[in-house]
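For the numbers below, each heavy atom of this structure counts, side chains included, while hydrogens, waters and symmetry mates do not.
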Amino acid sequence: MNILVTGASSGFGNLMVADLVKAGHRVAGTVRDPEGRNADVAASLRAIGVEIVDIDVTDDVSVEAGVAAAQKVLGGIDVLVNNAGAGAHGLQENFSGEDFRRIFDINVFGVQRMIRAVLPQMRQRGSGLILNVTSLLGRVTIPFLGPYNAAKWAVEALSENYRWELSQLGIDVAVVEPGGFPTNFFGNLIAPALRDRDSGYGELATAPEAMLEEMGKSLAANPLQSPQIVSDAVVKLISTVPGERPFRTEVDRSGMADPVIPYNAQAEKVTEALFTAYGMDGLLQLNTAAAKAA
């Protein structure tokens with residue numbers, strides 16, 4: 001298949017594009033400034049067969065131009081993997097409206113921009129897959145990651161709505177929910193521009209840093225929590241027959257997913273009951289007959 005993956009320069013995305021090429025797919029990965037500060041990583045990806053496109057998910061023009069370039073080089077896009085994102089860390093009250101806007105622009109609005117850019121040709125073809133990398137923190141929350149929690153909850157809702165609205169057009173939507181992993185994610189967390197509210201929290205003002213330090217130690221001590229298992233889950237989902245993919249795939253070996261898995265299963269039952277009650281249960285199944293002849 002022809003696959004476009006955002007955020008290919010590092011972390012999960014870097015593994016995904018390499019593994020998808022190995023699996024026999026044609027892959028384009030987005031890398032910011034591939035001829036400048038990220039020239040080395042772009043060259044290494046090209047060397048293994050990844051097509052490179054420069055997309056800034058916070059910019060409408062960049063997204064439209066980049067998706068068009070990916071469509072041209074791949075010959076169309078069968079799968080979009082929305083992997084690009086940024087974390088946030090600190091006391092939630094310290095984050096200004098502008099701080100929140102920056103975080104949502106990458107993690108939520110960026111996802112929407114990418115989906116809108118690829119959907120016209122997917123609708124025309126009557127098939128496609130939108131795969132959004134969210135987080136277990138889009139289902140539960142932990143303190144000191146507030147804006148990130150909120151953004152990932154938003155992407156979960158965005159994904160659910162697209163799931164229903166696109167199902168009868170033959171376009172599948174799925175989410176991958178990783179736990180915490182030892183990637184450069186933790187080295188690039190967005191902090192509030194100001195910490196002017198710290199004084200009102202007393203000793204608790206230092207808790208965000210302490211939590212992050214303990215999380216790092218925990219991840220370092222757990223060799224099972226390898227970023228590779230996230231890439232493996234994405235490759236498996238893409239290879240799954242349309243109509244048989246689960247909507248949510250939890251990826252975690254730290255214990256965080258254990259209570260979320262039954263929670264997600266119950267949420268699916270609630271959705272089925274609501275849709276049946278309102279006569280919309282036909283939207284629950286992907287219309288695999290919608291694909292048009294080439």
Side-chain angles (χ1 to χ4, degrees), residues 7 9-13 57-58 82-111 132-159 175-230 248 250-264 266-267:
S9 62
S10 61
F12 298 147
V57 299
T58 68
N82 275 312
N83 167 73
H89 175 251
L91 289 172
Q92 185 163 268
E93 189 180 347
N94 274 327
F95 287 89
S96 66
E98 185 56 39
D99 291 332
F100 262 84
R101 187 177 295 109
R102 178 186 175 197
I103 293 159
F104 269 62
D105 204 15
I106 299 169
N107 291 325
V108 183
F109 308 148
V111 169
N132 295 329
V133 180
T134 62
S135 172
L136 290 175
L137 294 181
R139 305 300 286 154
V140 294
T141 62
I142 59 176
F144 316 128
L145 299 169
Y148 181 73
N149 291 330
K152 289 302 183 180
W153 278 70
V155 176
E156 287 275 340
L158 189 79
S159 303
V175 297
V176 172
E177 298 171 344
F181 284 84
T183 67
N184 63 339
F185 174 86
F186 289 100
N188 295 299
L189 295 171
I190 296 174
L194 297 173
R195 297 186 59 167
D196 54 324
R197 305 299 175 92
D198 277 4
S199 60
Y201 284 78
E203 293 183 359
L204 189 63
T206 62
E209 286 74 20
M211 182 273 286
L212 200 61
E213 182 178 353
E214 289 304 312
M215 184 177 291
K217 291 178 181 177
S218 175
L219 291 174
N222 183 0
L224 296 177
Q225 194 73 345
S226 166
Q228 183 62 50
I229 66 175
V230 178
R248 288 189 168 93
E250 307 87 354
V251 188
D252 175 77
R253 292 179 184 168
S254 72
M256 186 178 179
D258 295 347
V260 176
I261 292 171
Y263 167 52
N264 281 344
Q266 183 60 33

Suppose we screen for salt bridge (charged side-chain N to carboxylate O under 4.0 Å, His left out). Which residues come up paired with D105, at least two apart in sequence or across chains?
R113
Contacts table for residues 135-145: side-chain donor-acceptor under 3.5 angstrom, sequence neighbours left out:
unit_1, atom_1, unit_2, atom_2, d
S135, OG, L137, N, 2.9
R139, NE, N264, OD1, 2.7
R139, NH2, N264, OD1, 3.1

Would you mind reporting whether S96 and L194 have side-chain heavy atoms less than 4.5 Å apart?
no
List in chain and number order the residues that pass side-chain hydrogen bond (donor to acceptor under 3.5 Å, both in side chains) with N82, two or more places apart in sequence or in another chain; answer none if no residue qualifies.
N132
Side-chain heavy atoms of F95 within contact of R197, under 4.5 Å
no
Checking S254 now: which residues fulfil side-chain hydrogen bond (donor to acceptor under 3.5 Å, both in side chains) with it, not counting sequence neighbours?
D252
N107 side chain to Y148 main-chain N or O, any donor-acceptor pair under 3.5 Å?
no
Heavy-atom closest pair, residues L189 and A88
CD2-N, 3.8 Å
Indicate every side-chain donor-acceptor pair of residues 179-188 with a distance under 3.5 Å to a residue at least two apart or in another chain.
unit_1, atom_1, unit_2, atom_2, d
T183, OG1, F185, N, 3.1
N184, ND2, S10, OG, 3.0
N188, ND2, N184, O, 2.9

Shortest non-hydrogen pair, P147 vs I103, comes out as CB-CD1, 3.5 Å
Salt bridge (charged side-chain N to carboxylate O under 4.0 Å, His left out) involving D99 - partner list, sequence neighbours excluded:
none
Of all the heavy-atom pairs spanning P178 and T134, show the shortest one and how long it is.
CD-O, 3.5 Å
Could you name each residue pair satisfying salt bridge (Lys or Arg N to Asp or Glu O under 4.0 Å) that touches residues 185-196, not counting sequence neighbours?
R195-D198, R195-E209
Once you round to the nearest 0.5 Å, how far does NE2 of H89 lie from CE of M215?
8.0 Å
Please enumerate all residues that pass side-chain contact (heavy atoms from CB on, under 4.5 Å) together with R101, with sequence neighbours excluded.
E98
Which residues pass the salt bridge (charged side-chain N to carboxylate O under 4.0 Å, His left out) test with E214, sequence neighbours left out?
K217
Sequence-distant partners of Y263, side-chain hydrogen bond (donor to acceptor under 3.5 Å, both in side chains), two or more places apart
none
Can you list the residues that meet the side-chain hydrogen bond (donor to acceptor under 3.5 Å, both in side chains) rule with T58, with sequence neighbours excluded?
D56
Non-hydrogen side-chain atoms of K152 and E177 separated by less than 4.5 Å:
no
For E250, give me all partners under salt bridge (charged side-chain N to carboxylate O under 4.0 Å, His left out), at least two apart in sequence or on another chain.
none
